[in-house]
Amino acid sequence: LEAHARGFDVTVGTEVEEAVARIEAEVGPIDILVNNAGIQRRMPLTDFPEEIWDEVLSHNLKSVFLVGRAVARFSAGSSPSRRSCRRPAP
């Protein structure tokens, strides 16, 4: 078993696309994605500012979307056996 890790800002679409492309070029196709990035802020609910809540949600949800989408795009175009991510043509 071989594992690889790379650091990049998972909330910036261009950085995600570039990082996934670089990983695919250097290492090969991504077979398993552990999409594990997130932030948290701790304080009583009654004191929790809406801006901080928005930041947590944006970071935690957007990162999953951006990284998952980028990996799926590369996976869908890499080989016939990996094209299960593609939507069928209408």
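Model, not experiment: these values are computed from the prediction.
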>> In the structure I gave you, are the side-chain heavy atoms of Glu24 and Ile30 within less than 4.5 Å of one another anywhere?
In response: yes

Consider only side-chain heavy atoms of I, L, V, M, F, W and Y, link residues closer than 4.5 Å, and tell whether [X] and [Y] are in one cluster.
| X | Y | answer |
| --- | --- | --- |
| Leu57 | Met43 | yes |
| Val67 | Leu61 | no |
| Phe65 | Val20 | yes |

Quick note, side chain to side chain donor-acceptor pair (under 3.5 Å) partners involving residues 42-51, not counting sequence neighbours, are none

The complete set of side chain to side chain donor-acceptor pair (under 3.5 Å) pairs with one or both residues in residues 54-65, sequence neighbours excluded, reads Arg41-Glu55

Across all chains, not counting sequence neighbours, the side-chain hydrogen bond (donor to acceptor under 3.5 Å, both in side chains) partners of Glu26 are Arg6

Please tabulate, for side-chain N and O atoms in residues 8-17, each donor-acceptor pair with protein atoms closer than 3.5 Å (sequence neighbours left out).
{"from": "Asp9", "atom 1": "OD1", "to": "Thr11", "atom 2": "N", "distance (Å)": "2.9"}
{"from": "Asp9", "atom 1": "OD1", "to": "Thr11", "atom 2": "OG1", "distance (Å)": "2.6"}
{"from": "Glu15", "atom 1": "OE1", "to": "Asp9", "atom 2": "N", "distance (Å)": "3.2"}
{"from": "Glu17", "atom 1": "OE2", "to": "Arg73", "atom 2": "NH1", "distance (Å)": "3.1"}

Of all heavy-atom pairs linking Trp53 and Phe48, the shortest is N-CE2, 3.4 Å

